[in-house]
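Just below is one structure, and these are the notes that go with it.
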2 protein chains.
Amino acid sequence: MPESRGRQTGGRQTGDLQDGPAFELPLLLFAGFRSLIDELHTELARQGHPDVRPAYGFAMQAIGREGVTATELGRRLGVSKQAAGKTVDRLEHLGYVVRVDDKSDARRKLIQLTPHGLDALRRSATIFEDLRARWVKALGAKRVRDLEADLRAVVPASGFRLDVAGWFGT
Amino acid sequence: MPESRGRQTGGRQTGDLQDGPAFELPLLLFAGFRSLIDELHTELARQGHPDVRPAYGFAMQAIGREGVTATELGRRLGVSKQAAGKTVDRLEHLGYVVRVDDKSDARRKLIQLTPHGLDALRRSATIFEDLRARWVKALGAKRVRDLEADLRAVVPASGFRLDVAGWFGT
DNA sequence: TAGAATCGACAACGTGGTTGACCAAACCGT
DNA sequence: ACGGTTTGGTCAACCACGTTGTCGATTCTA
């Protein structure tokens with residue numbers, strides 16, 4: 001609420017000296033996240049992966065080089081196995097993954113990245129390094145390390161949940 | 001990709017000394033954002049607003065105390081006027097806003113917060129202050145200010161786009 | 001005053017999520 | 001070894017949130 005604290009009569013919150021309104025903190029974090037992800041996808045598109053969406057990228061990260069089952073993928077992404085299955089459908093349709101039968105368990109189908117999927121994953125890693133390097137250039141290596149350390153210290157350690165879109169609902 | 005840089009043979013990226021993998025940066029930013037928003041809504045639920053969802057909170061922020069039209073709301077949230085209209089439908093259904101006819105322009109309908117909506121907005125501001133105070137307690141006032149300043153410096157200045165869920169699609 | 005721009009709404013659709021129901025295969029205790 | 005429980009994958013129905021396109025009504029403007 002841009003106008004909700006224009007001048008708060010008696011702000012006595014810890015650290016409320018000349019700081020901006022407290023609601024900016026989450027907005028800044030999100031803006032940082034979003035700008036990184038947006039730039040990743042812009043660059044990915046330029047490098048031959050125009051149809052990778054953020055959700056696909058996260059899913060491919062979670063699939064990894066060994067491959068996983070749909071159920072396990074759902075667990076890793078923090079969503080239901082059905083939702084994971086749908087994402088795999090789209091990924092499969094785009095040629096980023098294949099489902100292969102598990103010889104030792106006829107129920108399971110291993111989801112594996114295709115060479116195309118692996119290429120996207122490798123390029124993503126490189127692009128993220130470039131992006132971080134840009135932050136280092138702008139802020140200095142120490143500040144970026146501090147930023148990461150501070151965030152690590154303050155977010156609940158409970159392993160990353162990256163069901164970005166899904167969490168929004170509920 | 002947790003295993004994509006386990007030990008990279010010859011990482012020569014700027015600032016790649018003992019840093020973790022670069023892809024953690026966006027994840028940390030998102031985790032910070034998400035933990036703040038999650039805690040806000042947990043607390044909001046406890047304070048009598050169990051059905052405020054993140055999207056509603058952002059919309060109410062954007063509506064503000066004066067009220068806006070659906071089209072303008074869409075502009076502020078970075079989404080189409082139709083999408084804004086749908087959000088307003090839900091908000092209206094829950095009693096957080098009302099649509100009132102604009103006397104001076106029969107096309108427009110001003111969306112305004114009800115007392116219930118204003119209450120949610122006020123409580124959100126207070127909760128965000130408490131949350132930020134917690135970060136200050138954990139990290140120190142300077143580190144939090146630095147974090148905010150660094151993010152401000154590094155995100156494109158283009159006014160906050162908070163179409164969190166929507167950006168994910170496309 | 002006619003033509004252009006604006007506002008709000010409707011409809012169809014895409015994406016990402018949820019539950020619930022099921023079948024087939026695998027595991028396990030008697 | 002056989003019947004009951006788990007587990008893996010899929011289908012179906014549904015919801016939230018976004019998109020474009022269209023359209024009628026109103027207002028602005030040349």
Side-chain angles (χ1 to χ4, degrees), chain A residues 34 37 41 51-60 62-63 67-94 96-112 161-170, chain B residues 34 37 41 51-60 62-63 67-94 96-112 161-170:
Chain A
R34 184 184 162 149
I37 297 294
H41 287 91
D51 32 7
V52 175
R53 324 263 249 75
Y56 302 163
F58 289 122
M60 287 195 283
I63 291 167
V68 289
T69 64
T71 297
E72 169 60 18
L73 178 60
R75 250 191 298 270
R76 292 193 191 180
L77 294 176
V79 302
S80 66
K81 60 181 182 176
Q82 295 94 326
K86 282 195 200 179
T87 299
V88 172
D89 288 343
R90 290 165 201 135
L91 246 15
E92 193 172 33
H93 182 73
L94 290 170
Y96 284 104
V97 305
V98 286
R99 282 185 237 238
V100 296
D101 292 326
D102 184 330
K103 289 200 180 309
S104 68
D105 186 340
R107 293 170 308 177
R108 316 174 100 220
K109 291 188 185 168
L110 247 210
I111 299 153
Q112 284 183 313
R161 280 257 143 148
L162 24 72
D163 58 326
V164 187
W167 133 95
F168 214 74
T170 297
Chain B
R34 183 182 164 151
I37 297 294
H41 287 90
D51 32 7
V52 176
R53 322 261 251 78
Y56 302 164
F58 290 122
M60 288 195 283
I63 291 167
V68 290
T69 64
T71 297
E72 169 60 19
L73 179 59
R75 249 191 299 271
R76 293 193 190 180
L77 294 177
V79 302
S80 66
K81 60 182 181 175
Q82 293 93 328
K86 283 194 200 180
T87 300
V88 172
D89 288 344
R90 290 164 203 134
L91 246 16
E92 193 173 31
H93 183 73
L94 290 170
Y96 283 104
V97 305
V98 285
R99 282 185 236 238
V100 296
D101 291 327
D102 184 331
K103 290 200 179 309
S104 68
D105 185 339
R107 292 169 308 178
R108 317 174 99 221
K109 290 189 184 168
L110 247 212
I111 298 153
Q112 284 183 311
R161 280 258 144 148
L162 26 72
D163 59 326
V164 187
W167 133 95
F168 213 73
T170 297

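This is a predicted model, so every value here is computed, not measured.
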Any idea which heavy atoms bring A:A59 and A:L73 closest together, and the distance?
O-CD1, 3.9 Å

Using atom CD1 of A:I111 as one end and atom P of D:dG9 as the other, report the distance to the nearest whole Å.
7 Å

Applying side-chain contact (heavy atoms from CB on, under 4.5 Å), run through B:Q112 and B:V97 and close with a yes or a no.
CA-CA 5 Å; B:Q112 284 183 311; B:V97 305; over 6 Å; no

Positions of residues 83-92 of chain A (non-hydrogen atom under 4.0 Å from DNA chain D), listed by number
A:K86

So, does A:R99 get its side chain near the phosphate of D:dG8, meaning an N or O under 4.0 Å from OP1 or OP2?
no

Please confirm whether the shortest side-chain N or O distance from A:Y56 to OP1 or OP2 of C:dT15 is below 4.0 Å.
no

Euclidean distance, A:L77 CG relative to A:E72 CD, rounded to 0.5 Å:
9.5 Å

Classify the side chain of A:K109 versus the base of D:dG9 as yes if they form a donor-acceptor pair under 3.5 Å and no if they do not.
no

Salt bridge (Lys or Arg N to Asp or Glu O under 4.0 Å) between A:D89 and A:R99, intermediate numbers included
CA-CA 9 Å; A:D89 288 343; A:R99 282 185 237 238; 2.2 Å; yes

Whole Å only: how far is the CG atom of B:D102 from the C1' atom of C:dG8?
13 Å

Distance from A:H41 atom NE2 to A:D51 atom CG, nearest 0.5 Å?
10.5 Å

To the nearest Å, give me how far apart NZ (A:K81) and P (C:dG17) are.
16 Å

To the nearest angstrom, the CZ-P distance between A:R53 and D:dC17 comes to 17 Å

B:L110 or A:S104, whichever maps to the more 5' nucleotide of DNA chain C:
B:L110

Measure CZ/A:R107 against C1'/C:dC23 and give the value in whole Å, please.
12 Å

Both A:D105 and A:S80 contact DNA chain C. Which one's nearest nucleotide lies toward the 5' end?
A:S80

Taking CZ from B:R108 and P from D:dC28, how many angstroms apart are they, rounded to a whole number?
10 Å

Base, sugar-phosphate, or nothing for A:T71, non-hydrogen atoms under 4.0 angstrom?
sugar-phosphate

Could you tell me which non-hydrogen atom of A:A84 sits nearest to which non-hydrogen atom of A:A70, and how far apart they are?
CB-O, 3.6 Å

Under the criterion side-chain contact (heavy atoms from CB on, under 4.5 Å), I'd like the reasoning laid out for A:R76 against A:V68: C-alpha separation, chi angles, the key distance, then a yes or no.
CA-CA 10 Å; A:R76 292 193 191 180; A:V68 289; 3.3 Å; yes

Check the distance between D:dA16's C1' and B:L77's CG and give it to me in whole angstrom.
15 Å

Please confirm whether any donor atom in the side chain of B:Q82 sits under 3.5 Å from an acceptor in the base of D:dG21, or the reverse.
yes

For B:L110 and B:T69, work out which heavy atoms get closest and say how close.
CD2-N, 3.9 Å

Under 4.0 Å: is that the gap between some side-chain N or O of A:T69 and OP1 or OP2 of D:dG8?
no

Among the nucleotides D:dT26, C:dA26, D:dC17, whichever has the atom closest to the side chain of B:A106 is D:dT26

Checking C:dC7, D:dC17, C:dG16 against the side chain of B:A55 (C-beta onward), the nearest is D:dC17

Let me know the distance between CG of B:L73 and C1' of C:dT6, rounded to the nearest Å.
17 Å

